[in-house]
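Structure, as structure tokens:
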Amino acid sequence: MKKLIYYIPLLLLFTACYQNQVDCESFKEGTFIWEQESGGKKFKTEFTRIGNLQIEKFENEIDSSRVEWINDCEWRIIPINPDSNADSRAYLFKILNTSKDSYTFEFKQSGREQVYSGTATKIK
């Protein structure tokens with residue numbers, strides 16, 4: 001027990017020095033790639049955000065959405081011309097941490113509880 005008392009300050013010192021880097025401003029605009037695996041197959045989405053517009057390219061399909069920023073690290077993507085009522089739901093995104101050219105994020109569809117995550121890499 002006495003040894004534990006000596007280790008607690010050491011543990012606190014090391015954990016206090018670690019901090020997630022979050023520089024969301026650098027990722028508000030640009031062209032990005034997000035890759036994800038599903039069913040053993042890798043899928044790639046390329047998207048460009050300019051102002052309040054996001055244009056996505058996924059499997060040779062191009063789609064446009066409106067971007068509504070909640071704060072520097074959170075935003076909502078709202079489809080502009082959805083094909084169906086199910087496609088009209090907004091997606092909520094949140095940047096969790098950043099690096100020089102990428103950010104890790106989580107997202108969910110509005111009205112749903114399932115949360116997904118990914119990493120987007122800035123290419124332009």
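All values reported here derive from a predicted model rather than from experimental measurement.
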Subject >> Over 12 foreign heavy atoms within 6.0 Å of NZ, K108 >> reply: yes

Subject >> Derivation of the side-chain contact (heavy atoms from CB on, under 4.5 Å) call for R66 and E68 >> reply: CA-CA 7 Å; R66 193 172 80 242; E68 289 182 356; 2.8 Å; yes

Original post:
When you check the gap from the basic side-chain N to the acidic O, do D72 and K28 get nearer than 4.0 Å?
Top reply: yes

**OP:** Enter the distance from S102:OG to I95:CD1 here, rounded to the nearest 0.5 Å.
**Re:** 10.5 Å

**OP:** Answer yes or no: are there more than 12 heavy-atom neighbours, outside Y116 itself, under 6.0 Å from its atom OH?
**Re:** no

Original post:
For the residue pair F105 and W34, does the interplanar ring angle fall in the parallel (under 30°), tilted (30 to 60°) or perpendicular (over 60°) class?
Top reply: perpendicular

Original post:
Centres of the F47 and F58 rings: under 6.0 Å?
Top reply: no

Original post:
How long is the span from the NZ atom in K94 to the SG atom in C24, to the nearest 0.5 Å?
Top reply: 9.5 Å

Original post:
Do other residues, nucleotides or ligands put more than 12 heavy atoms under 6.0 Å from the OH atom of Y91?
Top reply: no

Original post:
Between T45 and I33, does a side-chain contact (heavy atoms from CB on, under 4.5 Å) hold up when you go through it step by step?
Top reply: CA-CA 6 Å; T45 302; I33 290 181; over 6 Å; no

**OP:** Please report the closest heavy-atom contact between V67 and G51, naming both atoms and the distance.
**Re:** CB-O, 4.3 Å

Original post:
Any donor-acceptor pair under 3.5 Å linking the side chain of T98 with the backbone of D23?
Top reply: yes

Subject >> Nearest atoms (heavy-atom pairs only) where S88 meets P79 >> reply: O-CD, 3.9 Å

Original post:
Counting heavy atoms not belonging to N71, are there more than 12 under 6.0 Å from its CG?
Top reply: yes

**OP:** With rounding to the nearest 0.5 Å, note down the distance linking CD in Q109 to CD in Q114.
**Re:** 11.0 Å

Original post:
Have T48 and T31 got a donor and an acceptor in their side chains that come within less than 3.5 Å?
Top reply: yes

Original post:
Would you call the rings of F32 and F27 parallel, tilted or perpendicular, where under 30° means parallel and over 60° means perpendicular?
Top reply: tilted

Subject >> Worked verdict on L53 versus S64 for side-chain contact (heavy atoms from CB on, under 4.5 Å) >> reply: CA-CA 7 Å; L53 179 66; S64 300; 4.3 Å; yes

Original post:
Is I62 reachable from I77 through a run of I, L, V, M, F, W or Y residues, each pair having side-chain heavy atoms under 4.5 Å apart?
Top reply: no

Subject >> Shortest non-hydrogen contact between A90 and I78, atoms and distance >> reply: CB-CG1, 3.9 Å

Original post:
Donor-acceptor pair, R49 side chain versus Q54 backbone, under 3.5 Å?
Top reply: no

Original post:
When the ring planes of W75 and Y103 are compared, do they come out parallel, tilted or perpendicular, using 30° and 60° as the limits?
Top reply: perpendicular

Subject >> Heavy-atom side-chain proximity of E74 to L92 below 4.5 angstrom >> reply: no

Original post:
Do any N or O atoms from the side chain of K122 and from the backbone of E29 form a donor-acceptor pair under 3.5 angstrom?
Top reply: yes

**OP:** Find out whether K44 and Q36 are in side-chain contact, i.e. whether some heavy atom of one side chain is under 4.5 Å from a heavy atom of the other.
**Re:** no

Subject >> Verdict with reasoning, E46 to I123, per side-chain contact (heavy atoms from CB on, under 4.5 Å) >> reply: CA-CA 9 Å; E46 183 176 317; I123 58 174; 4.2 Å; yes

